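Quick notes on the structure that follows.
None of the values given here were measured: they were computed from a predicted structure.
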Amino acid sequence: MARDAAHLESLETEAEPLLTSPNVEEDSLENREELERSLIRKLDRRMSILVLIYILNYIDRNNASAARLRGFEEDLHLEGNQFATVLSVLYIGYIMMQIPSNMFLNYFGKPSVYLPVCMTIWGGLSVCTGFTTTYFGVLCIRFFLGFVEAAFFPGALFLISKWYTRHELSQRTALLTSGNLLSNAFGSLIASGILDSMDGVLGFTGWRWLFFVEGTVTILVAIWSITILPDFPETSSGWLTPAEKALAIQRMAEDVGHREDIPEQSTKGSLGRWPGLYLAVTDLKVWWLAIALLFIHSDMVGERSEHIALSLFIGIVGFVMAMSTMNTGVRYVSLFLMAQTYGGFICFLAWASGSVSDTPAKRAVALALINCVSQFGNLRLANILGPTYNMSYTICIFMSSLSITLTIAFRVYLSWQNHDADKSEGDETSAVQSRRLDRGEISCQIQSDMVTGMSAATSKTLTDWSFTQIGGGDGTKDREWLQVSSFPTTVHVELLKLKKIPDPFIGLHEWDVQWVGEADWAFKTTISVSEEELAVPKVDLVFDGLDTFATVRLNGKVILQTDNQFIAHRVPVKSDLRVGDNELLLHFESAFLKGRDIEKGHEKYVLWNGDSSRLHVRKAQYNYGWDWGPILMTIGPWKPIKLETYKTRIMDLDIRTLVSETLDVNLTANIAFSDEYPGFASFTLKKPNGSVEIASEKIPISSGTAKVYFQWKAGELQLWYPVGYGAQPLYTVEVVLFDPNGTVLDKKAHTTAFRRAVIVQDKLLGQDGLTFLFEINNVRIFCGGSNWIPADSFLTTMTTERYRAWLQLMVDGNQNMVRVWGGGIYEHDDFYDVCDELGLLVWQDFMFGCGQYPAYDSFVESVREEAIQNVKRLRHHASVVIFAGNNEAESFNLELDYSDETSDFRNTTFPARYIYERVLPAVVNEHSDVYYHRGSPYSGFGRPTTDRTYGDIHQWNVWHGSQEPWHNWDILSGRFVSEFGMQGYPNIRTVDYWLGGNKAERFPQSRSNTNHNKADGFERRIELYLVENFKHSFEIESYVYYTQIMQAETLASAYRLWRRNWGGRGKEYTAGALVWQINDCWPVTSWAIVDYFLRPKPAFFTIARELRPFTVGMTRKEKKTFTDDRSAANFTITTVLEIWGTNSSLSDKTVTLEVTSFDLESDWIDKWEKEISLAANASTELHSGKLAGQPDRTKLSEVPKTIIVSARLLDNESVLARYSNWPEPFKFIHYPPIENLGLKVEVGADGESVTLSTKKPIKGIVLDVEGDEIKWSDQAIDLVPGDPQTVQAVGLKGRDVKVRFLGDGTA
């Protein structure tokens, strides 16, 4: 089932984890019991080796006594009390090291390594004992032997207490300590055998062989035990099934309960670096148990205390008998009675383990401390007081009597605590249940300093605001406050609604509103606060985003100053609020003017687009103007502002989903709380249908953090896939924070999904460089998509519906990736939520665009906080698969050593490299599992960013750069083309919008039209590509049409040729193409394939056709062959046609390739077809040969025929793909007269579809209607005889359709 494993931790800073576990799935009791029996059986088998180790431990301790009279004392020249000292010194080291050893064991978490290593060392020291020849030597060895032996017994007690419940501990403790008894019973016999049989062998005396043999056996057993000993439940792996591991953790959580020993004021700081030590030494129970065990050299309450007292009493009887007579028989009986004290000793150890089971750190120290104190009895007190049997027995009687007294007193103390717990329980209805102290369980009531009547955290969004222009001006009069129409908002938006400024999107009005961005503005609101709100311990004002330089005053007091649009702020304000009305004032300074001032104080850096001062300002850079956007310097509170009250809150929820290569799933959630607080939390993972997948209740939070961990095997969870490759199941994580009484204090929820996302950079077959491709759940994805800029110059006008419409349009266009460009914003949560839902992969830039940014300290720290906040906000989105450090930051000719991986860079000509290569990767790696790419473009591997064989490239040699013909896309390819584009006019309705009804400006070269194209030299570039390829006119409708067809042909060609490069594994020569750009931020002529009003240009549809699951592509190339190498006049030109198909599905596909050729100037037709197989997730070459109907040419004066080739992929009667290849450039074509085309445009009976058919091939059909616009399913259609096409036309309502195409007589 899905609950194969669960792991929960409550973490403390610089301390050991407080461990518990979530509830595994509540299967039937029978299933749980069977699973538990299997777990215990496995445990017992592995733990049994501890008995063997304990036997060796005690044999080692007693070897000196066994060897004393067999030459040990004599050979080492021991005199007086030196032998007693040799015996006692072991316990000095033993006592000193027990507590540090157990603390380290708890920290290290690997007993299977730590205990065997210590054991190996003590075996080695035993061997060394056999070689020693002096008193000093044996003294040192015995001291250090105690040092390493200290790891075993308290460590073993700690280990079994981490696996067994208190009800199981007594028996296991008894089994462990039986090693002691077995050693006492048989150790001397073994020693005697070695001493007698080995004496003189190889020249060594018997006592030396005793240490050699015992030490060697210890080392061998240690090595063996590494493969047997278990680690702690949380760190064990391999020998348990995931379900058994989950149950092991849950059993201990159920058995231990919650902490009771840390008062709320005991913060991390007060506990220091060693919380376990602090908690143990400050717990009265620990010292009580330690002293009691000392007194018997010596369990929890009720029956255990009686067993302890009875065992000790029997021992006392034995001591008295031995003192009172020398009769041999009686003294043998007395020895039997004395040995009964071991029963009390064993029961006491189980009692101690259960009595301090609160936290691992504390238990580790406490068990070691108890055992440590008990060992003082081994320091030969009798030798100090007088080495006689009577004195020794007197001491034993006295100590046993005191132990009985302390045991009874401890029982009374715990009974008293139980009474208080019961009384407290009677007054509570809490879901947190106390655990009783009798029958071996410890009290788990939680101390609470909760305010009476404390309720859940509250959040009140402040929406009633007014604004003013500071000092008065064109916006408002001086001290005139105007009510805002909505909130959040910015100044331009409010002035537009109040008709204080003209619409900057129309005509030249952009330049009439520049003063807005250079003025200071203020916003204010009144916060009404009640006594109840102020009674809550904590009250904060939360500012999700202020644009940009703001000073915030509450009741006249400055509480915040901001300088980064991308950073949120939380300000504690309880002490600054009063009951009743409170004034909150936001004073915004001009970001443009502030930027200029900051730039003067630092340095002016190089950039393209906008004012150079923008590089110093952490604000949406496109506000400064871009080659597709206006200069509109927004200002104001652009994100919500809230007043929040709480006792404690969920501060951070870090969800990490790791899907392995075998598609096993791990989920880890690190939860951070605002305070250390004695409540608890719950964690729930809900399935896409809303049912519970897994849940964990009563997670301790007193340390301020918690961690939950779950595992699933492959196939048990639904995996998230990009659109076109599978479903997008979204799970929901809910965390609820409770106070000790079960009252909800706070809630937080995130959607999450499970997917394996890898960027693969592998070697290629037949080409240099490496791949740069995205692999999701082991499926390699060809990424066809778009670049995204902010969808509005006024961001507060964006709605969830607008985001969804834009992103749905991408999906409808068969796109699967969107790149959030680095000159805009980290988009709103709605954007990423919709991407998760629709299956759009997100390439997320950090906000650095087109310039050399600074890296002075204050700038870097602001960027660091910006990065942390936004990485944390976005990391749980399955759609986000890559963070990129910048956009085109290295495009200038800088002095760069691309192989430099160590420098600081801040004092170079490229200071921001420190940000991209040091700061940002550290933030991303610490706070997420998302892949980090240093920039876009970026090659890596010491290569310049222009290297097309590594990383990603921006291919602007069409339009910019060398202004290559678009037909050269195939030789301009890269491993991943993250930018390329071509401009095209928007829909004529959009043009008319920005003209504002001014018909005098309705021609391409008008001032208004020029202002609505921001690209430098756009006139030359548009005309270059138009003149090279088309006959066209300058009448505005025609000009719009021809630029649109030019854009459509250019971009479709790129996708067609680059998708051909996706040749299958090892041949992914191009793995992605992201067009610049999908959208606009205002009405404009740009590279966008959809205009500001969500009107798709024809290019949108041609790209959509090239990104279908199945496509067919063709190219014709002229091959010129000379008769010899001397002649330039004698040659043959042959036209070669190449055809390929693509298949993005994960299975091979058998289809029919149908190829029909037409002569545009005659009735000649050639047709052939064949069955072909398209390889899965790859392109497949289908045909290469002479173009049918095109004769070879021997002179350039011989005009080639106008042969149009139509290729279709047919699956029975279904057309999977079609493409018509026309000779280019189109300007050379003599199109038939319109009356000879036989074009039919028939509106369907439903009035919402149009069927097109023709008798002659037609290129570039674009449909339109008068009046209300239509949602077309296709545009820029190539039509050939015998292949009618039907276009859906939502909103057509039977109206007449207008048709434009190449050769329609308008040019």
Side-chain angles (χ1 to χ4, degrees), residues 626-629 786-787 789 809 813 815 956 958-960 963 965-967 969 979-994 1003-1005 1009-1010 1012-1055 1073-1106 1224-1227 1259-1264 1269 1272 1274-1278 1300-1302 1306-1307:
W626 224 263
D627 53 9
W628 37 258
S786 298
N787 284 266
I789 66 170
L809 199 59
Q815 300 186 34
W956 282 109
V958 172
W959 181 271
H960 289 302
Q963 298 179 354
W966 75 62
H967 318 90
W969 284 126
E979 280 191 23
F980 69 100
M982 173 60 71
Q983 281 204 354
Y985 262 76
N987 188 294
I988 190 63
R989 295 172 177 82
T990 302
V991 176
D992 286 337
Y993 175 87
W994 76 55
F1003 61 97
Q1005 305 93 330
N1009 284 328
T1010 298
H1012 284 260
N1013 190 329
K1014 297 295 185 178
D1016 289 341
F1018 73 88
E1019 299 96 339
R1020 296 190 299 275
R1021 289 179 171 87
I1022 287 179
E1023 277 304 309
L1024 169 67
Y1025 286 100
L1026 281 176
V1027 169
E1028 280 186 343
N1029 292 281
F1030 301 96
K1031 294 179 291 186
H1032 74 92
S1033 74
F1034 284 91
E1035 180 265 329
I1036 188 65
E1037 281 87 355
S1038 292
Y1039 200 77
V1040 166
Y1041 168 76
Y1042 283 106
T1043 63
Q1044 289 181 345
I1045 290 297
M1046 175 181 71
Q1047 182 190 42
E1049 288 294 314
T1050 302
L1051 301 183
S1053 175
Y1055 279 101
L1074 307 180
V1075 69
W1076 185 270
Q1077 64 216 60
I1078 182 67
N1079 60 330
D1080 280 322
C1081 67
W1082 75 316
V1084 66
T1085 297
S1086 75
W1087 297 270
I1089 60 174
V1090 182
D1091 72 28
Y1092 173 78
F1093 295 107
L1094 278 159
R1095 294 167 176 147
K1097 301 178 186 179
F1100 170 83
F1101 298 99
T1102 60
I1103 292 172
R1105 292 200 292 268
E1106 297 301 333
E1224 299 185 50
F1226 304 120
K1227 66 183 180 181
K1259 178 71 179 177
I1261 296 175
V1262 173
L1263 308 175
D1264 201 357
E1269 56 194 298
W1272 303 99
D1274 204 2
Q1275 290 279 30
I1277 299 164
D1278 291 348
R1300 295 296 304 264
F1301 51 88
L1302 295 186
T1306 59

Which atoms form the tightest heavy-atom contact between [X] and [Y], and what is the distance?
{"X": "Gln1044", "Y": "Asn987", "value": "NE2-N, 3.7 Å"}
{"X": "Lys1014", "Y": "Trp628", "value": "CB-N, 3.7 Å"}
{"X": "Gln1275", "Y": "Trp1272", "value": "NE2-CD1, 3.2 Å"}
{"X": "Ala1276", "Y": "Arg1105", "value": "O-NH2, 2.7 Å"}
{"X": "Leu1051", "Y": "Met982", "value": "CD2-N, 3.8 Å"}
{"X": "Pro1098", "Y": "Ala1048", "value": "C-CB, 4.0 Å"}

Legend entry - Residues Arg989, Asp1091; criterion salt bridge (Lys or Arg N to Asp or Glu O under 4.0 Å); working and verdict: CA-CA 10 Å; Arg989 295 172 177 82; Asp1091 72 28; over 6 Å; no
Legend entry - side-chain contact (heavy atoms from CB on, under 4.5 Å) evaluation trace for Thr1102 with Tyr1055: CA-CA 9 Å; Thr1102 60; Tyr1055 279 101; over 6 Å; no
Legend entry - Flag, side chain of Gln1077 to backbone of Asn787, donor-acceptor distance under 3.5 Å: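 Side chain of Gln1077 to backbone of Asn787: no pair is present.
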Legend entry - Modelled atom types, side-chain donor and acceptor of Glu1035 and Thr1306, under 3.5 Å: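 Thr1306 and Glu1035 do not have a side-chain donor-acceptor pair below 3.5 Å.
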Inset, instruction - Answer with yes or no whether the side chains of Glu1049 and His967 bring together a donor and an acceptor at under 3.5 Å. - result: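 Judged by distance alone, the side chains do not pair up.
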Is any side-chain heavy atom of [X] less than 4.5 Å from a side-chain heavy atom of [Y]?
{"X": "Phe1226", "Y": "Ile1045", "result": "no"}
{"X": "Pro986", "Y": "Tyr993", "result": "no"}
{"X": "Ile789", "Y": "Trp1076", "result": "yes"}
{"X": "Tyr1041", "Y": "His1032", "result": "no"}
{"X": "Gln983", "Y": "Arg1021", "result": "no"}
{"X": "Trp994", "Y": "Tyr1092", "result": "no"}
{"X": "Trp966", "Y": "Glu1224", "result": "yes"}

Give every donor-acceptor pair under 3.5 Å between a side-chain atom in residues 1083-1090 and any protein atom, sequence neighbours left out.
residue : atom : partner : partner atom : Å
Ser1086 : OG   : Asp1080 : OD1          : 2.6
Ser1086 : OG   : Asp1080 : OD2          : 3.2
Ser1086 : OG   : Ala1088 : N            : 3.0

Inset, instruction - Go through Val991 and Asn1009 one step at a time and tell me if the side-chain contact (heavy atoms from CB on, under 4.5 Å) criterion holds. - result: CA-CA 8 Å; Val991 176; Asn1009 284 328; 3.8 Å; yes
Legend entry - Aromatic ring pairing Tyr985/Tyr1039, orientation class (parallel under 30°, perpendicular over 60°, tilted between): perpendicular
Inset, instruction - Would you sort out whether Glu1019 and Gln1005 count as a side-chain contact (heavy atoms from CB on, under 4.5 Å), showing the intermediate values? - result: CA-CA 8 Å; Glu1019 299 96 339; Gln1005 305 93 330; over 6 Å; no
Legend entry - Chi angles and distances behind the side-chain contact (heavy atoms from CB on, under 4.5 Å) call for Asn1029, Met1046: CA-CA 8 Å; Asn1029 292 281; Met1046 175 181 71; 5.7 Å; no
Legend entry - N-O pairing of Asp1278 and Lys1259 below 4.0 Å: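 Yes, Asp1278 and Lys1259 are salt-bridged.
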Legend entry - Candidate list Trp959, Trp969, Trp956, test ring-ring contact (aromatic ring centres under 6.0 Å, His included), partner Phe980, passing option: Trp969
Inset, instruction - Identify which one of Thr1043, Thr1050, Val958 satisfies the side chain to side chain contact (heavy atoms under 4.5 Å, CB included) criterion when paired with Tyr1025. - result: Val958
Legend entry - Which residues share a salt bridge (charged side-chain N to carboxylate O under 4.0 Å, His left out) with Glu1037, sequence neighbours left out: Arg1002
